[in-house]
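Structure first, then comments.
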Amino acid sequence: MHQALYRKWRPQTFEDVCGQEHITSILKYEAEHKAWNHAYLFCGSRGTGKTTCAKILAKVMNCEHPVNGSPCGKCAACQSIDSGIATDVLEMDAASNNSVDNIRDIRDEVIYSPSVLNYRVYIIDEVHMLSASAFNALLKTLEEPPAHVIFILATTELQKLPNTIVSRCQRYDFRRISTETLVGRLKTIAEAEGISLTDDGAFLIARMAAGGMRDAISLFELCAGGGGVIDEALASSILGAGNRGATFSVVKSISAANYEALFDAINEIMMHSGDLSVFWQELIDAYRDMMVCKTCK
């Protein structure tokens, strides 16, 4: 069965994680010195590596032969976690398991020692979706868990978490990944997968991803579906984005008060099933770029 590229190319070590060196360097230091915290909070926008780092962290905590603060990926512990059969590493989606009963189940389980691994690790994704009663049930366990239990919470909406939860965790803020980093990763994947990707095509896909690695790889795979060379024109037509030339043509029409040309450009986008919301964002970006060029050295 075909495996999505973002899953196939999910980083397996901290060195492979792109654009989050301010976080991975600390996690590697903790791994090398086995100085684990009892609870971690990973927050940031989607596709920036929160769940990926949580899984790598769970592996290195239980790895038999860690390498420079990253899991070896070869020992029985690493392989069992990778295959999803490790009973001591539990990944829970709080969006669909958000009741107080789900947290009570965890609270009842933590008293037991790990069955095989060194630590029992709970990864709770989208933790902001927990109910108020579920957060209350989690509080005491999160503050003073047994020595063999570690919690890793991940969220895209930090503001929805109670301060009592945030204060009990070691917090890491994941940043949006730069366009240059996304382009570099896309070109690496394209070369390994035997897909032709031009520089301008990679730049457009990376810009559309808005700082998310998963979005960038998913959009890249969508563009690669036709089997041809992925350049700016192909990416624009598939993703519904206008090219920069068309955008600045609209800017010139506005400047010259040429309304006929302006409405012709809008009609062209609509007739080719373009996404108007994407076009408006392109137009805003163009004006922003001109403002920067005009006001900055």
Side-chain angles (χ1 to χ4, degrees), residues 1-24 27 40-60 70-71 73 81-84 89 91-96 123-129 152-158 160 172-195 197 199 201-226 230 234-236 238-241 275 277-278 281 285:
M1 186 175 70
H2 172 73
Q3 187 178 32
L5 285 182
Y6 79 85
R7 293 182 59 196
K8 182 178 179 180
W9 285 88
R10 183 190 291 272
Q12 299 299 317
T13 64
F14 288 127
E15 289 82 359
D16 291 339
V17 178
C18 297
Q20 308 297 345
E21 289 77 12
H22 63 293
I23 292 174
T24 56
L27 296 179
Y40 295 82
L41 175 60
F42 293 166
C43 47
S45 57
R46 70 181 189 275
T48 51
K50 300 183 298 298
T51 305
T52 293
C53 283
K55 291 182 176 180
I56 296 173
L57 186 58
K59 281 196 296 183
V60 75
S70 285
I81 295 172
D82 282 335
S83 60
V89 176
E91 186 174 357
M92 187 182 90
D93 176 22
S96 53
I123 301 173
I124 306 180
D125 209 1
E126 300 300 337
V127 70
H128 64 272
M129 299 291 286
I152 306 175
L153 314 181
T155 179
T156 54
E157 300 187 45
L158 176 67
K160 292 186 178 181
Y172 293 89
D173 292 302
F174 284 71
R175 302 167 182 164
R176 289 186 181 273
I177 304 170
S178 69
T179 300
E180 292 75 16
T181 301
L182 292 175
V183 168
R185 185 65 169 173
L186 289 177
K187 296 185 76 172
T188 298
I189 295 173
E191 183 178 355
E193 295 289 333
I195 301 172
L197 175 66
D199 291 341
F203 181 78
L204 177 59
I205 294 172
R207 197 153 48 84
M208 292 285 290
M213 182 63 75
R214 183 173 62 241
D215 286 355
I217 297 176
S218 296
L219 293 174
F220 166 68
E221 185 171 18
L222 175 64
C223 294
I230 303 175
L234 178 64
S236 296
I238 292 178
L239 303 180
D275 190 332
S277 63
V278 174
Q281 188 59 54
D285 290 346

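Counting begins at 1 with the first residue of the sequence.
Within the structure, salt bridge (charged side-chain N to carboxylate O under 4.0 Å, His left out) pairs that include any residue of residues 216-225 do not occur (at least two apart or interchain).
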For a quick test of your reading: what N or O donor-acceptor pairs under 3.5 Å do the side chains of residues 210-218 make, sequence neighbours left out?
{"residue": "D215", "atom": "OD2", "partner": "R46", "partner atom": "NE", "Å": "2.9"}
{"residue": "D215", "atom": "OD2", "partner": "R46", "partner atom": "NH2", "Å": "2.9"}
{"residue": "S218", "atom": "OG", "partner": "R214", "partner atom": "O", "Å": "2.9"}

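Under the salt bridge (charged side-chain N to carboxylate O under 4.0 Å, His left out) criterion, E21 pairs with no residue, sequence neighbours left out. Qualifying salt bridge (charged side-chain N to carboxylate O under 4.0 Å, His left out) partners for E191, counting only residues two or more places apart in sequence or in other chains: none. With sequence neighbours excluded, no residue satisfies ring-ring contact (aromatic ring centres under 6.0 Å, His included) with F14. For D199, the salt bridge (charged side-chain N to carboxylate O under 4.0 Å, His left out) partners at least two apart in sequence or on another chain are K187.
The two atoms that bring I124 and A94 nearest to each other are CG2-CB, 3.9 Å, heavy atoms only. Of all the heavy atoms in A209 and L219, the pair that sits closest is N-CD1, 4.2 Å. Contact detail for C43 and D173: the closest heavy-atom pair is SG-OD1, 2.9 Å. Here the closest non-hydrogen pair linking L197 and A190 is CB-CB, 3.9 Å. Of all heavy-atom pairs between A58 and I123, the closest is CB-CD1, 4.3 Å. The two residues A235 and C223 have their closest heavy-atom pair at CA-SG, 4.0 Å.
Separating the CG atom in D125 from the NE2 atom in H128 is a distance of 9.5 Å, to the nearest 0.5 Å. Atom CG in L27 sits 9.0 Å away from atom CD1 in I56 (nearest 0.5 Å). Here the CD1-CG distance, from I230 to L204, works out to 11.0 Å after rounding to the nearest 0.5 Å. Atom CD1 in I205 sits 8.0 Å away from atom CG in L234 (nearest 0.5 Å). Going from atom NZ of K160 over to atom CE of M129 covers 7.0 Å, rounded to the nearest 0.5 Å. The structure places CD1 of I152 at 11.0 Å from CG of L41, a figure rounded to the nearest 0.5 Å.
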CA sep, side-chain torsions, deciding dist, call: Y40, C53, side-chain contact (heavy atoms from CB on, under 4.5 Å)
CA-CA 11 Å; Y40 295 82; C53 283; over 6 Å; no

What verdict does the side-chain contact (heavy atoms from CB on, under 4.5 Å) test give for E91 and T51, after you've listed the backbone C-alpha separation in whole Å, the side-chain angles of each residue and the deciding distance to 0.1 Å?
CA-CA 10 Å; E91 186 174 357; T51 305; 3.5 Å; yes

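At a threshold of 4.5 Å between non-hydrogen side-chain atoms, the residues R10 and D16 do not count as touching. The closest side-chain heavy-atom distance from T156 to K50 is below 4.5 Å. The side-chain heavy atoms of K55 and I81, taken from C-beta on, include no pair separated by under 4.5 Å. Side-chain contact check for D82 versus Q12: some heavy-atom pair is nearer than 4.5 Å. Counting heavy atoms from C-beta on, the side chains of S70 and E15 come closer than 4.5 Å.
There is no side-chain donor-acceptor pair under 3.5 Å between S45 and T48.
Taking the six-membered ring where the residue is Trp, F42 and Y172 present perpendicular rings, their angle passing 60° and hence far from 30°.
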